[in-house]
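See structure below.
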Amino acid sequence: MSEIKAVRELLDTAARPFEDALAMPPSVYTDEDFVERELSDVFAKEWVCVGRASSLKSPGDYLAYDLAGQPIVVLRDREGVLRALSNVCLHRMSTLLEGSGNVRSIVCPYHAWTYNLDGTLRGAPFMQATTGFCKGDYALPQIRCEEWLGWVYVTLDATRPSVAEALAPLEAMISQYGMETYVESFRETHVWDTNWKVLAENFMESYHLPVCHAGTIGPLHKLEEMDCPPGLEAFNYHWIIKDATLPIGNAHPDNTRLTGDWRRTTALMAIYPSHLVTLTPGYFWYLSLHPKGPGQVHITFGGGLSPDFLEDPRGAENLKLLKTMLDKVNVEDRGCTEKVYRGLSAAVARPGHLSYLERPIYDFMQYLAERTGGFVRPSFEPSAQAAE
Ligand code: FES
Ligand SMILES: [Fe+2]
């Protein structure tokens, strides 16, 4: 591995004990070289979430995604199989689909070479005189794509263990919520002016809720009721308790799966590298992040309700309440995370100590140090820890 100053600084910080832990050094957020390292050693190798399978329900439903510089398209094919394909034409290499939508076939916008939804080439106009051309030789390369509890993940790495295997300990911890039944009602993409890790870390701690979110969700939570256990190999997490003044944040009266404190407990999960999920008894929302240079982050933002709140006579009202609330919360988070990026880009920026409420950030730092610099993390004992 070539020597990068940011990697060296990250390794030094990651080696500190948690009781004396500091925030990550500014170079890790601002160095161009470090972003390159993240793309090659993290984003080109890990499973990255592109959204919910329920939003790719019908044959031809697709979404385009740029993964570590590689344009891909994730779609539902004619047989109902979820697939990911290279989104680069096999003629003169234009990209094919953009955004999201539904198509019967994939038609290149340049010269109309047309692909079936399984990636095989269906037709190429005016190629009959090219005797060396054989349609059957052409098919868009397949990209690995897996579904786990309703989420769709893709990876460019042929050898990565399956998502279900990597996240089995998480599945055991949250099975009581039935996350796979939650329905996505919106999915948007945004670009903010901050480093992807600043936003990821913002999600990993609820320490900022009473301050940054004083005008929205802050008053619903007590810092004293937050539980931030050490993370595991593929993810970190923490639990918070939501006040009953937000009914969709607590279990629906018809919900018999959740008992005791689980009825008001929210799970906040950071699945490495960049899939961040808030799961409450009544709703969920998520971010999936991808770096766009050091100073910008590409965000997939989506969410929806648990089936009981969705099917309730007030379902439409619940959805509206959720989206309005999340939009306001995002404005607050955007303000805080863009300020952090401006601050850590300053010459005077120095990392300070982390609170015990920021434990997941410490675990994330060690994960990143492992992936980018060969840091040896402590071994993990998979054990489900509950909030009760
Ligand atoms: S580049 Fe796609 S058809 Fe020519
Ligand atoms: Fe926040």
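Every number for a ligand or one of its atoms is a count from 1 in the order of the listing.
- Scored by the side chain to side chain contact (heavy atoms under 4.5 Å, CB included) test, R104 finds R78 as partners (sequence neighbours excluded).
- Summarising the geometry of F309 relative to P247, their closest heavy-atom pair is CZ-O, 3.4 Å, with the distance given to 0.1 Å.
- Geometry about the Fe ion (ligand 2) gives an angle of 90° between NE2 of H213 and OD2 of D333, rounded in steps of 10 degrees.
- When every heavy atom of Y115 is checked against every heavy atom of L96, the shortest pair comes out as CE1-CD2, 4.0 Å.
- If you look at atom 2 (Fe) of ligand 1, the protein N, O or S atoms less than 2.8 Å from it are C89 SG, C108 SG.
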#### Entry: Test side-chain contact (heavy atoms from CB on, under 4.5 Å) applied to V28 and M365, step by step
CA-CA 10 Å; V28 166; M365 166 163 58; over 6 Å; no

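- Contact detail for P351 and L22: the closest heavy-atom pair is O-CD2, 4.1 Å.
- Classified by interplanar angle (parallel below 30°, tilted 30° to 60°, perpendicular above 60°), the ring pair F364/Y272 is tilted.
- Counting backbone and side-chain atoms alike, H208 contributes an N/O/S atom closer than 2.8 Å to the Fe ion (ligand 2).
- Listed here is the closest heavy atom pair of T280 and I248: OG1-O, 3.4 Å.
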